[in-house]
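What follows is a set of notes on a single structure, which appears directly below.
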Amino acid sequence: MKNQIEDAEEILSRQISGFHQYILTPKASLSYVSRHLCKMLGYAEEELLKEGRDVYASLVLPSDQEKYKDFLWKLGQKEKTLTLQYHMRKKDGSVIYVNDTAVSECLETGVFRANSVLTEITEQEETLSLEDAVPCGFLRCTCEKQPRITYLNDYMRRLLRFPAQGEESFGFCTENLYFLIPPEERARFAGYLERVGGEGMPLAGEMMLLRCDGTKAYVAGVVTKCRNDQGKEEFRSICMDMTERHREKRAGETRRYLQALTDVYDKIFEYDLAGRTVKCLYGQSSSFFRQLENIPMQMEEATCQWIKDTVFAEDREQLQAFFQAFYERRFKQPDGRPPQIQYRALSSEGLWRRYTGIFLKLDPQISLFCCRNVPDGEELDFLRSENAALRESIQDLVLRFTDGIAAFEIQGAFVKPLYASDNVCEFFGFTRDEWLPMMEKRTSIEAFISRRREDYEKFMGLLEHGEAEFAYFDLKRQKQRRIKAICSQKSPVSGAARYVMLYHVEEGRGKRGEGDKEAQVSIRTFGYFDVFVGDRPIAFRNKKSKELFALLVDRRGGFVTSEEAIAFLWEEEPVNAVTLARYRKVALRLKNILEEYGIQEVMESVDGKRRIVTERVRCDLYEYLSGKEEFSQLFKGSYLTNYSWGENTLAELTGELL
């Protein structure tokens, strides 16, 4: 029996791979190590069993420490068998990858002991494929003109929603890789394969894929060319699913783009050709359209009813034909020019007004129909030359309703200007004579914008997000002005021009010179909130900027922090990076509008906190609270009717009145 035990100990020490024992007290420690383990790690027995220190645990790499501690903790909860793989650093500094299989048992003392067998699996780790290590899609295909798919891993099958192998449609899906590419992306993808095949270098990028069920997935990946086991050339691709991230990014960009459009247009409608629906996204002052915001309606029926009910009888036929051409995708726009139309319709005040409408494309299926009232001055000019306009060029017709227009053909990092008004040429720092030669060749975007280096980031932002705001010098008026730039198509389409329409930002009084008389700023809070410079009301283009200014007025000169302002402006949303960024944009717009009207000094900003400088304004609230007899009749029982949060001050005022 003794010999058998000694033989067993010899087996444990020499022949059982990496055998060792743990006592799983709150501070776990080794109670036995085999000679095989010592040889595997390069340490002597006395080093590993050093009292007061768990040397073995210290050899586990930091990246695996958390899961190793959790492994020991689970073994000490109840009797069980567990396996874990982790990395260890040997005494000579090299790193090995091990598989630890441990069986725990509860001793009579109530303490748990674990018997562990450690096996080195470093070579197995080195041969693990990327497919087993990370959640990626793998695809292989032939290098033929119509590449056949020869391999898909499970991740890629799930991503593309492939039919089960053996189903009738499975073979159809694999016989041509281009079946997985949306039609609008196939030319670009073919170019990628040509570059990889010709240059032999891997190519990384992002693109859209067409799933087998007809939906689309957005992926980021790498394509490379190599030889398979039979020596034949093939393409290999590694992809990661970016669909949700792409959708969120596009949704954010679309929201910003829509916000920019609301600064220019009175009404915005979303037309979905795939779903055959239309819905009002923005109705401005029209109570009727505001009631219908974000409610999908049948496209043809709703549009026909709107034309019948509101459009001037003589313009109905041409407007109906305009929309019919849109439904049938008959607008011919080889240069990317957005389709436009002018018509007369009833305004929200019940008066006949002239409007201009334009279709702006978001993606192949969704477009925005944006319309705005033609101001009286433009309307008069239009009526005087309506017949002549029919003979004018498209550029001149568009310029009738904008302050400038430019067209660019964007391909990668290069731009080819198509045309622009004199104002726009000047804005980019070119004369007309310099501009014309550039229309015959491609120029890098960086070189094109080099004469306005301070606006390079803004210009790139315009191409990325579809909107931006700039300052420029108006040649005709010989004065500095601000313009809102909006791309006719938010997302670039290969080979198509992207029109940039430039609208002037409504002029205020401008910044005052030293010799100018100080403007009188008057604020009305009793009833609806409004601000006047002299006798002229400020036309806030952003309702949140106006609300922020009202909040500063309500604080009566006290500073308002970003967090406090967000709590009032977006009552249902928490303070986070998104709302803080949104608030900064609102505050910047408020600063800009005050500068336009030359009254920037009425607001003070310190370390992100803002307040109104009460001594620089006249305000009915401040006058009433002064207690002077001549102001005692100003308050009639209503205060900041626009904003629900004004009720607290209203209660205070009502109490004083009682």
Side-chain angles (χ1 to χ4, degrees), residues 128-198 200-230 232-254 272-275 362-366 490-495:
L128 285 175
S129 69
L130 191 58
E131 175 182 349
D132 299 318
V134 294
C136 291
F138 291 82
L139 179 149
R140 296 178 182 176
C141 65
T142 63
C143 294
E144 301 167 331
K145 189 172 183 180
Q146 294 184 350
R148 289 182 297 102
I149 298 173
T150 57
Y151 173 77
L152 287 170
N153 72 336
D154 289 339
Y155 182 98
M156 200 68 174
R157 290 174 186 272
R158 293 192 301 271
L159 172 62
L160 296 174
R161 298 176 184 173
F162 246 69
Q165 195 162 0
E167 288 187 15
E168 186 175 345
S169 55
F170 179 83
F172 176 78
C173 294
T174 59
E175 67 184 28
N176 189 344
L177 178 62
Y178 286 103
F179 290 156
L180 302 179
I181 311 297
E184 64 272 18
E185 293 276 4
R186 288 174 184 170
R188 185 164 70 99
F189 183 71
Y192 288 163
L193 293 186
E194 287 180 9
R195 287 178 58 186
V196 174
M201 297 294 291
L203 188 64
E206 299 182 2
M207 71 175 305
M208 198 75 71
L209 295 180
L210 190 63
R211 295 187 176 112
C212 294
D213 62 0
T215 60
K216 293 180 180 178
Y218 194 82
V219 300
V222 179
V223 178
T224 187
K225 189 176 78 168
C226 53
R227 293 185 180 275
N228 60 20
D229 295 340
Q230 289 74 42
K232 294 183 178 180
E233 290 185 337
E234 66 177 10
F235 289 119
R236 295 181 183 178
S237 178
I238 304 173
C239 300
M240 292 191 68
D241 188 4
M242 308 289 286
T243 306
E244 287 303 318
R245 179 179 171 185
H246 178 70
R247 185 180 292 117
E248 291 174 2
K249 179 181 177 182
R250 288 289 300 271
E253 291 177 352
T254 300
D272 184 348
L273 290 174
L362 284 182
D363 60 41
Q365 299 297 334
I366 296 179
K490 187 172 73 71
S491 301
V493 175
S494 178

I'd like to know if the side chain of Ser237 and the backbone of Leu139 have a donor-acceptor N/O pair within less than 3.5 Å. no
Can any side-chain N or O of Asn153 pair as donor or acceptor with the backbone N or O of Phe138 at less than 3.5 Å? yes
Which atom pairs, one a donor and one an acceptor, fall under 3.5 Å between side chains of residues 216-225 and the rest of the protein, sequence neighbours left out?
{"unit_1": "Lys216", "atom_1": "NZ", "unit_2": "Glu184", "atom_2": "OE2", "d": "2.9"}
{"unit_1": "Tyr218", "atom_1": "OH", "unit_2": "Glu206", "atom_2": "OE1", "d": "3.0"}
{"unit_1": "Lys225", "atom_1": "NZ", "unit_2": "Gly197", "atom_2": "O", "d": "2.9"}

Which residues pass the side-chain hydrogen bond (donor to acceptor under 3.5 Å, both in side chains) test with [X], sequence neighbours left out?
X: Arg195; answer: none
X: Thr150; answer: none
X: Tyr178; answer: none
X: Arg211; answer: Thr215

Taking NZ, NE, NH1 and NH2 as the nitrogens, is one of them in Lys232 or Glu234 under 4.0 Å from a carboxylate oxygen of the other? no
With a 4.0 Å cut-off on N to O distance, would you call Arg227 and Glu233 a salt bridge? yes
Please list, chain by chain and in numerical order, all residues satisfying side chain to side chain contact (heavy atoms under 4.5 Å, CB included) with Gln365, sequence neighbours excluded. Asp272, Leu273, Ala274, Arg329, Asp363
From [X] atom [atom1] to [Y] atom [atom2], the distance as rounded to the nearest 0.5 Å:
X: Thr243; Y: His246; atom1: OG1; atom2: NE2; result: 8.5 Å
X: Met240; Y: Tyr155; atom1: CE; atom2: OH; result: 5.5 Å
X: Arg148; Y: Asn176; atom1: CZ; atom2: CG; result: 10.5 Å
X: Leu160; Y: Ile149; atom1: CG; atom2: CD1; result: 7.5 Å

List in chain and number order the residues that pass salt bridge (charged side-chain N to carboxylate O under 4.0 Å, His left out) with [X], two or more places apart in sequence or in another chain; answer none if no residue qualifies.
X: Arg247; result: Glu244
X: Arg186; result: none
X: Arg158; result: none

Give me the atom names and distance for the closest heavy-atom approach of Phe162 to Cys212. CD1-SG, 3.5 Å
Closest contact, heavy atoms only, Leu193 versus Phe235: O-CZ, 3.7 Å
Take Leu210 and Glu185 through the side chain to side chain contact (heavy atoms under 4.5 Å, CB included) test and state the conclusion after the steps. CA-CA 10 Å; Leu210 190 63; Glu185 293 276 4; over 6 Å; no
Side chain to side chain contact (heavy atoms under 4.5 Å, CB included) between Met156 and Leu159, intermediate numbers included: CA-CA 5 Å; Met156 200 68 174; Leu159 172 62; 4.0 Å; yes
Under the rule for ring pair (Phe, Tyr, Trp, His ring centres under 6.0 Å), what residues qualify as partners of Phe179, not counting sequence neighbours? Phe172
